[in-house]
Amino acid sequence: MAGRRTLFAAPVLLAVTFGVFAVAAMSPFDPVKAYAGAAGLTASQADLDQLRANLDVDQPLVARWWEWLTSALTGDLGTSSVMRQPVGDVIAERVGWSALLALCAFALAVLVGTALGVLAARRQGGPLDRAVSALAYTLEAAPAFWLGLLAIWFFSVRLGVLPSGGLTDASDDVVTPGQVASHLVLPALVLGISQLPWFFLYVRQGVAEALDEDPVRGARARGIAERRILIGHALRSGVLPMLTLIGSRVPELITGALLVETVFSWPGIAAATVQAATSVDFPLLAALTVSATAAVLAGNLLSDLLYGLADPRVGFDG
Amino acid sequence: MTARTARGVAATTLAATLIAGAAACSAPSGGGEAGRAADTAVVGIATEPETLSPLLGYGKDGNSKIFDGLLTHDADMKLRPALAEALPEVSADGRTYTYRLRQGVKFSDGQPFGAKDVVFTYRTILDAKTNNASKTELDAIQGVEARGDDTVVFTLKYPYAPFAERTVLPIAPEHIAGRQDVNSGDFTTRPVGTGPYVLTNWSKGEKIGFKANPAYWGGEPAVKKFTMVVIKDDDVRATRLRSGELDGAILPPALAKALGGKGGGKDTARTLHAAKTFDYRNVTLPSAHEVTGDPAVRRALDLAVDRTTMVDKLLEGAGKPAYGPVPTDSPWFTAGTERAYDLDRAKRILDEAGWRTGDDGIRVKDGIRASFPLWYTSGDKIRQDHALAFASDAKKAGIEVKTEAGTWEVIEPRMKTDAVLAGGGSPADPDFDQYLLLNSALAGDGFNNMARYDNKTVDQALLDGRKSGDPAARKAAYDTVQRELLANPGYVFLTHIDHLYVVDDKWDGLTTQVEPHDHGLGSGPWWNIESWKPKRK
């Protein structure tokens, strides 16, 4: 299945890149104005025209896309106009920090979400279930941005225990693991918590249903230890819907990271994506969109594979 | 809850606490950063430059920290020599500027600075292949040449009195920047210059780090480490200032007032610095529109706006009423062109011009309703407030102003007929701003002269002002412009806005310069951070 799906991904990615160029070409944003910034407000029309020619943005859509594609296939991703540096450099400098943030947040959301979900399902309607469920519904509605500000206010301003932004202390130039770890806590916590409700609610539902099924009742009747029932049976089938969720949360994680990276001045790829989009920075935008699409496709593939592993009834070629 | 699950919950909670705790422990300086050395400064800024290469426009107005220009500005915006030994010699016809260069200056990589670097910098910027959007500012240059290694001569296409003001732009090293792609090379993010500070780290979207240049020709700065942290959101910036992570920051009026005074409790004492500016907000009155093009309507609107209330209410007092591009406290301001809020006179002017009040309170003349749209850029709160205040003042005189928000992409195609809440201002020389704003030859050229203002007297005065080398003649020319703007306004100028900064009281010698509309990295009390002295050793 994996091989076939990977083959299928190629035309999808191709279509997505063309879509990016087409949508960007139709957008009202002018790449020349974006490049010039404030200086463009006082530049003469002649100089703006020269800039337009230099930036090569007047070519027809298909020609520009083809040129980007052919050089991208040879490994040259072009030059980002908004960052004034090669696209490869822009991505290389940032993608690691975004991946670190996303992975930590994801791990937090999956682990804590599952644990709480199982505990809540175990005693549905109990105090823990009611408290956590109410909290989960509230968090589902709370924007990550707002959570971020709240976290900064509480941990940085009131308690003064965690730094509120950046990759390292503002006055430090050297990136050390210790520094990064402490600066990672709040953004990862906020991003993780904003994803947590989905995992919690799915697991809670799944495990609760599984606990209600006949085999579980039978097992209980036979006096099998509660822990074995919970983990061996209920969790296993309750976790199934969550596995599909893991893959499908990838896009949400990307958009969530966008806001969280902004609030915490995290030097990741998300902030660059926004800038690339509003500046109609074709090379950077195309490269980032391809990466994001690839991540989403990989996420879906992963969730299908996991589903197959968790439930042998699901065939890999189904 | 069974005992087992209770233990489970306890274990989970403990694990979570441990993870958070371990992380917190590994951050000894997290939060307060109270132990920061006295020779380290960290400030919060709202925007960062796209590039640090002067060849692409960085630091063109001076004050670039990593670089020096031939000249620089002092606290009063007077020109002072920097990489030049003295102010330039100007030929009698005003078309040749000769600079003698300071000797013994080295770039921070140890290579000597010389005339070839100056020539390289200017020629590269003027090169058509260089994507420098500010090159229009150097339009006057015909050629630049080195005479020996210590003299540079500029020849101009026409006499241009403010030219010396343009030579504050930073000089790049030819031996580095000349060997790479000027538009995307390493130099755009890892610049090397002759300035008081050396770039140590630029993490885009996060911060820019500098360390003092020990070999700086002006002497090594006392503040050894300087970091600018990029924080777009005003509230986050204020919060991080309050938590002690920042020593200073730029803030909007309400937040600046809240943080400016002596803080209580563990807060460090902070001072609010209000920088005077040339940064104006105005309303364009397009000549092509049948309502805003009527001179009577223009004069009435100019009198019907309550500028003092705008300053008090919208800017919380941090600003001044504006009657033209030149602020009232500038030596270039023409005394007597202030106009008081006079609603009665505004109404009289409209009555006399034949604008009769209609049934709905809006005036009508020859079947034309006194109504026009006013655009402001969405998301800009200060512009929005100004637009709404302007509309409400105009309503009192019987003129309907329909405010609408949009991005520049939406606004630009409509600028010919629709009014826009615009901004601008450049303190270095009156020519820089006014020539572009008011010259009829530049009507509708890009964003220049957005109102398509057309006044022959003003056109002539602008030409006189840029060509004459005589300060008295220049003053007379700009007096003419301001008087014409009183008699026949093409724009309603509303306010000049102070830029507000809050800085910890840890250093001596903090001042501000008069600032332009644009917030470069050189603005703010840290414009001369190389001269700050720590109070405690």
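Naming convention: chains lettered A, B, ... in sequence-line order (proteins, then strands); numbering from 1 in each chain. Every value quoted in this text rests on a predicted model; they were computed, and no experiment measured them.
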**Report entry** Engaged part of B/Asn131 at the chain A interface, taking heavy atoms whose separation is under 4.5 Å
**Finding:** both

Report task. Would you indicate whether the side-chain heavy atoms of A/Asp47 and B/Asp139 approach each other to under 4.5 Å? Result -> yes

Report task. Check each atom of A/Ser44 against the heavy atoms of chain B and say whether the ones under 4.5 Å are side chain, backbone, both or neither. Result -> both

Query raised in the report: What's the spacing between A/Phe264 CZ and B/Ile231 CD1 if we round to 0.5 Å?
Result: 12.0 Å

**Report entry** Toward chain A, the part of B/Arg237 with a non-hydrogen atom under 4.5 Å
**Finding:** neither

Report task. In plain terms, say whether A/Lys33 and B/Glu412 are close enough for a salt bridge, that is, a side-chain N and a carboxylate O under 4.0 Å apart. Result -> yes

Query raised in the report: Quick one: what part of A/Glu261 sits under 4.5 Å from any heavy atom of chain B, side chain, backbone, both or neither?
Result: neither

Query raised in the report: Would you say the side-chain atoms of B/Glu206 pair up with the backbone N or O of A/Leu167, donor to acceptor, closer than 3.5 Å?
Result: yes

Report task. Locate the shortest heavy-atom distance separating B/Glu409 from A/Asp30; write the atom from each residue and the value. Result -> OE2-N, 3.8 Å

Report task. Measure distances from B/Ser53 to the heavy atoms of chain A and classify the residue's part below 4.5 Å as side chain, backbone, both or neither. Result -> neither

Report summary line: So OH of A/Tyr35 and CG of B/Leu56: to nearest 0.5 Å the spacing works out to 5.0 Å

Report summary line: Interatomic distance, OG@A/Ser80 vs CD@B/Glu50, rounded to 0.5 Å, equals 10.0 Å

Report task. Can you measure from OG (B/Ser203) to CH2 (A/Trp266) and round to the nearest 0.5 angstrom? Result -> 10.0 Å

Query - Donor-acceptor pair, side chain of A/Gln50 and main chain of B/Ala128, under 3.5 angstrom - result: yes

**Report entry** Atom group of A/Thr168 that falls short of 4.5 Å from chain B, counting heavy atoms
**Finding:** both

Query raised in the report: Which atom pair, heavy atoms only, marks the closest approach of B/Ala133 to A/Leu51?
Result: CB-CD2, 4.1 Å

Report summary line: Heaviest contributor of heavy-atom pairs below 4.5 Å to chain B, chosen from A/Gly166, A/Gly126, A/Gly165, is A/Gly165

Query - By ring pair (Phe, Tyr, Trp, His ring centres under 6.0 Å) - contacts of B/Phe447 (at least two apart) - result: B/Trp408

Query - Residue part contacting chain A, namely of B/Asp233, when any heavy atom lies under 4.5 Å - result: side chain

Report summary line: Honestly, the part of A/Leu108 sitting under 4.5 Å from a heavy atom of chain B is neither

**Report entry** Pick from B/Asp518, B/Val236, B/Asp445, B/Thr188 with the largest number of heavy-atom pairs that fall under 4.5 Å of chain A
**Finding:** B/Asp445

Query - Residues that A/Trp97 engages under ring pair (Phe, Tyr, Trp, His ring centres under 6.0 Å), provided they are two or more places apart - result: none

Query raised in the report: chain B: which of A/Ala36, A/Ala272, A/Pro267 shares the most heavy-atom pairs with it under 4.5 Å?
Result: A/Pro267

Report task. Determine yes or no for a side-chain-to-main-chain donor-acceptor pair under 3.5 angstrom, with B/Thr51 supplying the side chain and A/Arg84 the backbone. Result -> no

**Report entry** From B/Asn448 atom CG to A/Gln45 atom CD, the distance as rounded to the nearest 0.5 Å
**Finding:** 9.5 Å

**Report entry** Polar side-chain atom of A/Arg94 near backbone of B/Lys204 as donor-acceptor pair, under 3.5 Å
**Finding:** yes

**Report entry** Under 4.5 Å from any heavy atom of chain A - which part of B/Val229
**Finding:** side chain

Query raised in the report: Heavy-atom distance under 4.5 Å to chain A: side chain of B/Lys207, backbone, both or neither?
Result: side chain

Query raised in the report: Checking heavy atoms, do the side chain of B/Leu437, its backbone, both or neither come under 4.5 Å from chain A?
Result: neither

Query raised in the report: What distance do A/Gln85 atom CD and B/Asp181 atom CG have between them, rounded to the nearest 0.5 Å?
Result: 12.5 Å

Query raised in the report: What part of B/Ser134 lies closer than 4.5 angstrom to a heavy atom of chain A: side chain, backbone, both or neither?
Result: both

**Report entry** Most chain A-contacting option - heavy-atom pairs closer than 4.5 Å, from B/Glu137, B/Met450, B/Arg240, B/His517
**Finding:** B/Arg240

Query raised in the report: Side chains of A/Leu149 and B/Thr239: closer than 4.5 Å at any heavy-atom pair?
Result: no

